[in-house]
Amino acid sequence: MWPFSKRGPATAGLMIDPTNGDPQVRALVAAVAARDGATIRAILDGAPDPDTHAYLMESAAEVDGVQDWIGGWIAAEPHSTLPVLLRGCHGVFWAWEARGAARAEYTREEQFREFHRRLRIAENALDEVVERDPDNVTAWTWLVTSARGRQVAPDEAAARFAEVVKRHPAHVVAHEQYLQYLCAKWFGSDEQMFAFARQATAAAPDGSLVPEVLVVAHIEKWLSLPRGEDDQYLRSAPVRADMLAAVHKSLFRPAFRPGLGWFPRANSFAMGLEKAGEFDAAARVFDMIGDQVTDWPWSYCGNVVKEFAAARERAYRHRG
């Protein structure tokens with residue numbers, strides 16, 4: 001049993017580390033902040049597969065200020081697509097920073113204008129990359145992400161996703177981002193979202209992180225419901241069955257190997273399972289995570305560290 005105080009959830013030692021304690025990610029973030037193109041290239045070019053490359057790019061692209069210096073790197077290496085790719089991927093994050101996280105009705109017109117301006121910069125760069133290097137899976141993945149902001153038609157969004165999965169069928173970030181496009185709050189519906197999530201989970205290799213999308217789909221549905229109905233929904237038998245099926249196809253498979261990028265996805269499993277009342281499974285995931293709390297998805301609930309700690313305490317208290 002985790003040694004929690006009776007006074008409340010234990011938060012000692014908990015903090016959000018964007019690098020999740022990974023020295024490679026920490027080195028990459030430092031290199032981007034230092035504008036060290038050689039180190040950025042060495043780390044990204046060393047990624048062994050498209051998933052790892054995407055996880056690394058998530059960290060690199062979120063570093064502030066890339067737009068202020070990336071043009072110099074592009075000019076210095078006109079034959080390289082890497083600095084153009086970084087401009088495009090960072091531009092997507094930069095655009096969402098301008099828009100903010102609020103729903104459309106709570107977003108100011110000037111925020112939308114800046115959002116679309118930055119997205120055009122991002123997509124121009126990403127389009128250049130895939131024109132020059134059609135097999136660049138990371139560029140296609142960020143085009144899946146930007147599809148929501150650019151309000152592209154469903155056929156175009158599906159085509160972008162198809163470009164990823166025909167090259168890397170179980171690409172985790174692309175599945176996550178296409179699921180968001182299919183949410184009712186964007187351009188899809190609950191039916192489309194769940195159909196995609198279930199198909200992706202069924203098709204995922206054993207031990208893949210892709211089944212996380214089924215948990216995320218239920219979290220998205222939970223967020224859309226009125227208070228009272230939301231928790232009742234997550235604790236319904238079909239949702240609990242989906243959560244368990246997803247985690248048993250993923251983290252609980254012998255084939256699962258913790259690697260770069262797994263902590264945020266494991267946190268999604270932990271949150272979904274705990275809120276669904278599947279405390280044994282949630283506690284098992286919390287055991288795997290340790291103290292590596294991530295902003296996603298706990299930021300949906302309030303104070304990230306406090307929500308993580310409270311959920312972990314409940315899971316450990318009620319585990320069988």
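Basis for what follows: all heavy atoms, side chains included, without hydrogens, waters or symmetry-related copies. Owing to the predicted nature of the structure, the values given are computational and were not obtained by experimental measurement. Numbering starts at 1 and runs along the sequence shown.
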Donor-acceptor pair, distance only, cut-off 3.5 Å: does the side chain of S299 make one with the backbone of D295?
yes

Using modelled atom types only, decide if a donor and an acceptor are shared between the side chain of R132 and the backbone of H79 within a distance under 3.5 Å.
yes

Is Q232 atom CD crowded by more than 12 heavy atoms from other residues, nucleotides or ligands, each under 6.0 Å away?
no

Does the pair R41 and S80 meet the rule for a side-chain hydrogen bond (donor to acceptor under 3.5 Å, both in side chains), with working shown?
CA-CA 10 Å; R41 181 182 301 283; S80 174; 2.9 Å; yes

Is the shortest side-chain N to carboxylate O distance from R117 to E114 below 4.0 Å?
yes

For the ring pair F196 and Y181, is the centre-to-centre distance below 6.0 Å?
no

Between R167 and W140, is there a side-chain heavy-atom distance shorter than 4.5 Å?
yes

Under a 3.5 Å threshold, yes or no: a donor from one side chain and an acceptor from the other, between Q24 and Y55?
no

Checking V215 against M271 for the side-chain contact (heavy atoms from CB on, under 4.5 Å) test, could you report, in this order, the C-alpha distance in whole Å, the side-chain angles of both residues, the deciding distance, and whether it holds?
CA-CA 9 Å; V215 175; M271 183 177 127; over 6 Å; no

Within the 3.5 Å criterion, strictly below it, is a donor on T19 or D22 matched to an acceptor on the partner's side chain?
no

Residue pairs meeting ring pair (Phe, Tyr, Trp, His ring centres under 6.0 Å), one or both in residues 204-234, sequence neighbours left out, come to F194-H218, H218-Y233

Filter on salt bridge (Lys or Arg N to Asp or Glu O under 4.0 Å), then keep only pairs touching residues 56-73, sequence neighbours left out; what's left?
E58-R265

Checking R118 against Q67: is there a side-chain donor and acceptor pair closer than 3.5 Å?
no

Does the Lys NZ or Arg CZ of R314 fall within the cation-pi geometry relative to F279 - under 6.0 Å from the ring centre and within 45° of the axis?
no

Could you tell me whether D190 and K221 have a side-chain N and a carboxylate O separated by less than 4.0 Å?
yes

In the structure I gave you, are the side-chain heavy atoms of R319 and D287 within less than 4.5 Å of one another anywhere?
yes

Tell me whether E156 at atom CD has more than 12 heavy atoms from other residues, nucleotides or ligands lying less than 6.0 Å away.
yes

Would you sort out whether N267 and W298 count as a side-chain hydrogen bond (donor to acceptor under 3.5 Å, both in side chains), showing the intermediate values?
CA-CA 8 Å; N267 273 260; W298 301 101; 2.8 Å; yes

